[in-house]
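Reading through the structure tokens given below for one structure.
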Amino acid sequence: MQKTDIKNLTLQGLESYISGLGKERFRAKQIFKWLYQMDAGSFEEMTNVSKEFRSMLGEIAQISNLTPEVVEASEDGTRKYLFRLSDGSAVESVLIPDEGRNTLCISSQVGCAMGCAFCLTGSFGLSRNLTTAEIVNQVCAVKRDQPVNNIVFMGMGEPLANLKGVIPAVQILTDPDGFQFSTRKVTVSTSGLVPEMAELGRGCTVNLAVSLNATTDEVRSRIMPVNRTYPLAQLLAACKAFPLPSRRWITMEYVMIRDLNDSLEDAKRLVRLISNIPSKVNLIPFNEHEGCDFKCPTQESIDRFHKYLLDKNVTVITRSSRGSDISAACGQLKGRLDQEDGERRNCGCEG
Ligand code: SAH
Ligand code: SF4
């Protein structure tokens, strides 16, 4: 019989699991604290749980874990962690320090099926969804190395295409008996899966980031196939309806690509599009990568775009490219690794 990985369970799930075993439900909170506040690696460590129950759990359940196979540190303090999963596939998490706070960018899938034309992760296609345990274990592992203040689901994958894994993970991250992150400190980013946005809002309380990336349906459909199914009007209506944590804004991510979406006209349309949505804009200059012909805009057009938004009282930040020396920048995840894997495969080495 396969053992239940209890890191796949939310607190509620663990309560049902435990009461199904004929034990007191309140044990779930104790176990949750051991897992996410004390980072227990075995049931044996859980000394406030009876010896008999601990050995029972040891028979039928397991506590999974991840340890980074590689940690790469960038000159600017960014750290990239590579995790090898039990089936041999790999995902990455990136820790980005900023003004004394550390933001951890985690993955939700191995690869991604959304096929955005500018994204390296997308070019690999989807291998599979991560389990809830694989998502929360990225956080457990990085916390052993560095403090983590914010979590963003902006690593590999489209989180809303894996709500089954992601919603319980958000619940564990924000549970007062779990990781204890404030709901204001966790952000899920989507390319714009409209029905799933509503489902996410029903399933948990979390910040939302939307990869808008264009201001017309024509351009957006060209670079993000999801727009052919859920065009801008539907996407923006879903943003408006999204139940954010109190006093929060939606983050509109906008990857700026030279001569495609970086004009002043785009800036003007962007302001109009988001005018009735409480939002802030993250401008992300395109990170160039091999096999993709798009170019990063000139600094002049980035500055002009940024200034136009500021002048219209839009809250905007231009995200500087972090960790570029270790390929940890947006949309770069897994690329270099796969290339290396490919090289290893080509030379017939098992490594
Ligand atoms: N799938 C989700 C979350 C992961 S992608 C989403 O698309 O929102 C995280 C962010 O990286 C997205 O805003 C995406 O538009 C951006 N991105 C992808 N490739 C990029 C690249 N080459 N340069 C800059 N940003 C990129
Ligand atoms: Fe997937 Fe996001 Fe990359 Fe699009 S930008 S391919 S949704 S990871």
Any Lys/Arg nitrogen of [X] or [Y] sitting under 4.0 Å from an Asp/Glu carboxylate oxygen of the other?
{"X": "R258", "Y": "E288", "answer": "no"}
{"X": "R101", "Y": "D98", "answer": "no"}
{"X": "K268", "Y": "E265", "answer": "yes"}

Please check if the side chain of [X] supplies one atom and the backbone of [Y] the other of a donor-acceptor pair under 3.5 Å.
{"X": "S107", "Y": "M156", "answer": "yes"}
{"X": "N162", "Y": "P159", "answer": "no"}
{"X": "R54", "Y": "V49", "answer": "yes"}
{"X": "D177", "Y": "K33", "answer": "no"}

- request: Using a cut-off of 6.0 Å, state whether more than 12 heavy atoms not belonging to D293 lie near its atom CG.
  value: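 Open.
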- Item | Other residues, nucleotides, ligands: >12 heavy atoms within 6.0 Å of K23 NZ |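 Counting other residues, nucleotides and ligands, NZ of K23 exceeds 12 neighbours.
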Is there a path of hydrophobic side-chain contacts, each under 4.5 Å between heavy atoms, that joins W34 and L21?
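The answer is yes; both residues are in one hydrophobic cluster.
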Could you walk me through whether D39 and K143 satisfy the salt bridge (charged side-chain N to carboxylate O under 4.0 Å, His left out) test, starting with their C-alpha distance in whole Å, then the side-chain angles of each, then the deciding distance to 0.1 Å, before giving a yes or no?
CA-CA 9 Å; D39 193 30; K143 267 184 72 178; over 6 Å; no
**Message:** Tell me whether the rings of F179 and Y36 are parallel (<30°), tilted (30 to 60°) or perpendicular (>60°).
**Reply:**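 F179 and Y36: tilted rings.
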At their closest point, which heavy atom of A90 faces which heavy atom of R84, and how far apart are they?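 Heavy atoms of A90 and R84 come nearest at CB-NH1, 3.8 Å.
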For a quick test of reading the model, state the closest non-hydrogen atom pair linking R220 to S211 and the distance between them.
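The answer is NH2-O, 2.8 Å.
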Residue pairs fulfilling salt bridge (Lys or Arg N to Asp or Glu O under 4.0 Å) with at least one residue in residues 209-218, sequence neighbours excluded: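 Counting only pairs at least two positions apart or across chains, the salt bridge (Lys or Arg N to Asp or Glu O under 4.0 Å) contacts touching residues 209-218 are E218-R222.
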